[in-house]
Amino acid sequence: MNHEQQKLPHEIEISLRGIQGNCERLIGLARSRSEDSYLDDLLKIQKEVGVFRKILREAIPQLDAAHDPDTLRRVRHDLTNPLNPIIGYSEMLLEESEDLGDNPYASDLIKIRTTGRALLRWVSEGLSTSSLSMVRNNGAEPEVSQDQEVRPYEGSESEEIECSCVLIVEDNPDNQELLARLLARFGCKATPVDTGEAALEALEDGQFDLVLLDIGLPGISGFEVLTSLRKRFTPAELPVIMATALDNTEDVVRAFDLGANDYVTKPLDKAVVLARSKTQIALKKSQEKIRNLVEGLELRNMLIRETFGRYVPDEVVEELLSQPEALALEGQRKKVSILMSDLRGFTSMSERIPPEQIVKILNIYLGTMVGVIDEFKGTIDEFIGDAILVIFGAPHSRDDDTERAVACALAMQEAMTSVNRQLKEKNLPTVEMGIGINTGEVVVGNIGSLERAKYGVIGMPVNLASRIESYSVGGQVLISENTYREISSLLQVRKETAVRVKGFGDPITFFEVTGMTGRYRYSLKRERDELYPMPEPQPVRFSAIDGKAMESEEREGFFASASLKEAILMTASELEPYTNLELNLIDADGSLIPGDLYAKVVSVPQVEGEGCLLRFTDVPETVETFLKGLILNLKNKEKRGEG
């Protein structure tokens with residue numbers, strides 16, 4: 001007897017004919033009502049009944065109890081496959097037909113679903129004849145265990161799984177479509193394939209949020225697909241839900257060992273498939289959000305390091321990023337060395353040249369200085385126009401803070417050669433810088449409000465550093481007595497000066513540093529222009545500048561000798577060292593040379609008959625041209641032997 005002639009158990013045959021009869025009645029109804037979508041699904045149920053009958057007829061000779069468990073498991077797996085669309089489509093049609101009022105489909109669909117579930121129970125219990133009585137469809141729901149119950153999804157129909165792409169790997173076309181339609185109703189885009197090879201190709205070409213993977217596939221198995229997949233994707237990057245037979249715990253264990261995230265049993269329970277799919281997709285999306293947040297945080301920190309780190313050493317940025325408490329609005333007392341630098345005559349220069357050029361000058365100057373300061377691990381507190389305030393000793397204190405501060409100042413002065421070379425290349429005016437340094441105890445921390453704060457220092461030592469810097473001329477590094485005492489053995493100084501400073505009761509002493517020994521070796525070569533004696537006294541008028549204000553009294557004097565950077569001023573007025581002056585040169589006809597010349601008194605006469613040495617801090621182009629003319633005439637006379 002061939003397989004087509006093999007008789008089925010009586011109860012099974014009656015059940016299958018019952019499903020077919022129910023389907024035929026519903027097919028006729030769908031055609032009469034022109035409801036093609038119902039018709040298509042009913043035809044699929046009818047087809048799967050034939051598939052089930054054919055598989056069972058072929059399997060009957062193998063159902064001897066003496067056969068091995070693997071054969072029985074395979075037969076059960078094969079019989080479960082057509083039951084899945086029979087139950088699934090009947091359940092889906094029941095839900096879709098609820099809006100039809102009297103719902104003419106409901107009665108027959110319930111009978112189809114009931115009989116399908118009973119057949120599933122018979123298959124799951126080992127195809128034994130003792131359970132055949134459960135198959136007879138008497139119009140009532142049989143007792144089905146909770147694990148085998150195919151429950152409708154209890155979520156809201158409007159509830160969507162977050163926009164996702166799901167790869168369905170299933171060799172049964174009806175199961176493919178059933179799953180795809182089920183997932184589509186909840187906002188998922190499903191891509192069905194029927195072999196393991198096709199699944200791997202799809203994973204090469206597209207991006208998916210979830211894979212529903214059947215174990216029993218033609219060609220390479222689901223296990224082989226999972227093994228290959230896990231070489232490229234972690235369980236977090238691409239979750240996989242395996243479809244296994246009802247009682248095959250070995251397959252479940254193996255699937256988890258190979259990296260599966262979850263499993264469902266066949267026939268596929270719609271509620272379970274949806275719930276577990278939603279869970280795995282939600283976990284993946286959550287991990288993607290966490291990863292994006294981490295990447296965003298890393299990007300933010302990188303941008304902070306690249307931006308904030310341009311002005312502050314990396315260790316300062318790291319502390320502020322890694323220790324939230326470092327951002328608290330509170331301060332602490334620390335001994336630090338404060339460096340203040342400033343360009344000489346920059347304010348008046350800003351009034352003479354276009355803003356675009358001012359910005360270019362500042363960018364070249366500040367860009368170079370920031371590199372030097374970072375090299376010596378200084379903390380830039382702020383830029384104040386062309387001035388830079390730098391801290392050594394905060395937020396981290398080191399034993400060599402003072403030494404590094406002075407070495408940094410000398411290195412900054414040396415770097416001015418590079419700054420002016422760049423300015424000349426861009427046809428911009430050259431600049432000079434003065435530096436002052438003081439060492440003392442300050443309050444350091446975050447200053448401001450919760451909305452806006454800055455890391456900085458406050459205290460009298462900061463003010464003194466600024467005062468000392470104001471006495472410097474281009475190319476000078478002046479340090480306070482406190483700073484000098486810290487590292488005097490390492491310093492080369494030109495002179496010691498005591499001056500009275502506004503805001504300080506006693507005179508303050510500072511030193512001009514010309515070099516260092518020890519770990520940092522520097523020697524400033526301060527080039528001084530040759531002073532040319534004037535053939536005739538060059539008359540000038542001048543006023544002293546006190547802070548930002550200029551004295552109303554205008555005084556007179558003359559240059560006995562001059563260069564483009566310095567001059568010897570002869571005057572009957574007494575001038576204090578480091579006094580700032582605004583001068584106007586007078587032409588031979590008694591008219592003023594246009595442009596204000598600014599200078600600082602570097603030294604005053606020690607004996608009668610000597611003049612004050614002035615260092616120019618800002619020379620306007622008109623005055624420079626006039627002085628060049630005078631000096632050129634003197635040089636020409638010397639060449640002719642007329643001097």
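These figures come from a predicted structure and were not determined experimentally.
No side-chain donor-acceptor contact under 3.5 Å links Glu621 and Thr625.
Aromatic ring pairs are classed by plane angle as parallel below 30°, tilted from 30° to 60° and perpendicular above 60°; the pair Tyr471 and Phe510 is parallel. Using a 30° and 60° split on the angle between ring planes, Phe511 and Tyr484 fall in the parallel class, below 30°.
In this structure the side chain of Val444 never reaches within 4.5 angstrom of the side chain of Val336, judged on heavy atoms. Side-chain contact between Phe346 and Ile358 is present, with heavy atoms from C-beta onward closer than 4.5 Å.
A pairwise comparison of heavy atoms in Leu627 and Ser563 identifies CD1-O, 4.0 Å as the closest pair. What you find for Ser472 and Arg344 is that their closest heavy atoms are OG-NH1, 3.1 Å.
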Side chain to side chain donor-acceptor pair (under 3.5 Å) between Thr439 and Asn482, intermediate numbers included:
CA-CA 6 Å; Thr439 301; Asn482 287 343; over 6 Å; no
Please test Thr483 against Thr402 for side chain to side chain donor-acceptor pair (under 3.5 Å), starting from the C-alpha separation and ending with a verdict.
CA-CA 7 Å; Thr483 303; Thr402 303; over 6 Å; no
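Between Lys360 and Glu356 there is no salt bridge, since none of the side-chain N atoms of the basic residue sits less than 4.0 Å from a carboxylate O of the acidic one. Salt bridge status for Arg232 with Glu204: present, with a side-chain N to carboxylate O gap under 4.0 Å. One finds no salt bridge joining Asp374 and Lys377 here, because no Lys/Arg side-chain nitrogen approaches an Asp/Glu carboxylate oxygen to under 4.0 Å. Using a cutoff of 4.0 Å between basic side-chain nitrogens and carboxylate oxygens, Asp618 and Arg352 are scored as salt-bridged.
Side-chain atoms of Gln476 come within 3.5 Å of backbone N or O of Val473 as a donor-acceptor pair.
For CZ of Arg333, the number of neighbouring non-hydrogen atoms (other residues, nucleotides, ligands) closer than 6.0 Å is 12 at most. The local environment of CD in Glu441 is crowded, with over 12 non-hydrogen atoms from other residues, nucleotides or ligands closer than 6.0 Å.
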Which donor-acceptor pairs under 3.5 Å do side chains of residues 426-436 form with protein atoms, sequence neighbours excluded?
{"from": "Glu432", "atom 1": "OE2", "to": "Arg615", "atom 2": "NH2", "distance (Å)": "2.8"}

